[in-house]
Amino acid sequence: MGNFIITKRKNGSYKFHLTGGYDQPTLTRNGFKTKSSCIDGISLVIKNSADMNNFERKTATNRKHYFTLKVPNGHIIGTSEKYYSLAARENGIYSVKLNAANAEIIDNE
């Protein structure tokens with residue numbers, strides 16, 4: 001089972017990351033001004049991670065693979081870690097789909 005971990009950054013903003021079965025972050029989002037907006041962001045991930053059309057597969061300039069999760073209007077609500085292989089990226093997408101809906105929210109502020 002995954003967890004959404006909320007943390008407060010040094011600049012006062014909030015971020016979350018979703019962990020999978022190995023407690024490694026699979027999806028992250030930074031820059032929320034308030035904790036309540038961070039929780040709203042988590043709600044968007046839960047709602048939109050069920051639809052494969054909301055995942056966009058990308059390749060960074062260093063040739064590592066990653067994905068973003070978007071709402072239907074195209075706004076990015078989370079970005080994955082960088083992966084060395086396409087298969088690992090697909091496993092990351094599967095982990096978000098599998099874990100987001102039932103993940104516990106842990107407040108580490």
Side-chain angles (χ1 to χ4, degrees):
M1 184 171 128
N3 295 302
F4 283 102
I5 312 290
I6 297 173
T7 54
K8 190 170 186 178
R9 301 172 71 201
K10 289 181 182 181
N11 67 4
S13 68
Y14 292 85
K15 74 180 242 181
F16 72 77
H17 62 265
L18 173 63
T19 63
Y22 298 106
D23 287 334
Q24 289 189 280
T26 52
L27 190 75
T28 302
R29 175 73 192 273
N30 297 319
F32 295 99
K33 291 183 180 181
T34 65
K35 188 186 300 183
S36 64
S37 63
C38 186
I39 292 169
D40 290 344
I42 290 170
S43 297
L44 285 173
V45 169
I46 293 167
K47 179 180 177 184
N48 290 282
S49 62
D51 186 345
M52 286 300 287
N53 293 320
N54 294 330
F55 290 92
E56 185 174 359
R57 292 155 176 84
K58 298 183 171 202
T59 303
T61 56
N62 65 0
R63 297 190 174 267
K64 290 185 181 178
H65 308 283
Y66 69 104
F67 62 89
T68 59
L69 178 61
K70 298 180 176 186
V71 292
N73 72 4
H75 181 75
I76 295 173
I77 55 175
T79 303
S80 75
E81 63 178 305
K82 304 295 188 288
Y83 300 97
Y84 285 100
S85 72
L86 295 172
R89 179 180 65 193
E90 293 306 308
N91 287 340
I93 291 170
Y94 176 75
S95 177
V96 171
K97 286 181 60 62
L98 179 70
N99 290 300
N102 297 311
E104 181 181 347
I105 297 174
I106 298 172
D107 185 352
N108 280 348
E109 178 188 348

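Quick caveat, the model's predicted, so the values are computed rather than measured.
A distance of 14.0 Å separates NE2 of H17 from OG1 of T79, quoted to the nearest 0.5 Å. Rounding to the nearest 0.5 Å gives a distance of 10.0 Å between SG of C38 and NZ of K15. Taken from CG in N99 to CZ in F4, the straight-line distance is 9.0 Å, to the nearest 0.5 Å. A distance of 10.0 Å separates CG in L18 from CG in L69, rounded to the nearest 0.5 Å. Between the CG atom of N54 and the NZ atom of K47 there is a distance of 10.0 Å, given to the nearest 0.5 Å.
Listed here is the closest heavy atom pair of K70 and G74: CD-O, 3.4 Å. Considering every non-hydrogen atom in both R89 and T59, the closest pair reads NH1-OG1, 4.2 Å. Taking every heavy atom of both residues into account, N30 and T28 meet most closely at OD1-CG2, 3.9 Å. Of all non-hydrogen atoms in R9 and G31, the two that sit nearest each other are NH1-N, 4.0 Å. Residues S95 and T26 approach most closely at OG-CG2, 3.8 Å, considering heavy atoms. Considering all non-hydrogen atoms of both residues, N48 and P72 come closest at OD1-CD, 3.3 Å.
Using a distance-only test at 3.5 Å, with no hydrogens or angles considered, a donor-acceptor pair links the side chain of S49 to the main chain of V45. One N or O on the side chain of R29 and one on the backbone of I76 form a donor-acceptor pair closer than 3.5 Å.
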Please report the C-alpha distance between K8 and K35 in whole Å, then the side-chain angles of each, then the deciding distance to 0.1 Å, and finally whether the side chain to side chain contact (heavy atoms under 4.5 Å, CB included) criterion is met. CA-CA 8 Å; K8 190 170 186 178; K35 188 186 300 183; over 6 Å; no
If you apply the rule salt bridge (Lys or Arg N to Asp or Glu O under 4.0 Å), what do you find for K64 with E81, and how did you get there? CA-CA 9 Å; K64 290 185 181 178; E81 63 178 305; over 6 Å; no
Under the side chain to side chain contact (heavy atoms under 4.5 Å, CB included) rule, what do Y83 and N91 come out as? Steps first, then yes or no, please. CA-CA 10 Å; Y83 300 97; N91 287 340; over 6 Å; no
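Within a 6.0 Å radius of CG in N102, no more than 12 heavy atoms belonging to other residues, nucleotides or ligands are found.
Y66 does not carry K58 over the face of its six-membered ring by the limits of under 6.0 Å from the centre and within 45° of the normal.
By the criterion of side-chain heavy atoms lying less than 4.5 angstrom apart, applied directly or through intervening Ile, Leu, Val, Met, Phe, Trp or Tyr residues, M52 is grouped together with I46 in one hydrophobic cluster. At a threshold of 4.5 Å between side-chain heavy atoms, the hydrophobic network of Ile, Leu, Val, Met, Phe, Trp and Tyr places L86 and L27 in two separate groups. F16 and V71 end up in the same hydrophobic cluster when Ile, Leu, Val, Met, Phe, Trp and Tyr side chains are linked at under 4.5 Å.
Here ring pair (Phe, Tyr, Trp, His ring centres under 6.0 Å) pairs that include residues 33-55, with residues two or more places apart or in two chains, are F55-F67.
Among I6, I39, I5, the one residue that satisfies the side-chain contact (heavy atoms from CB on, under 4.5 Å) test with D107 is I6.
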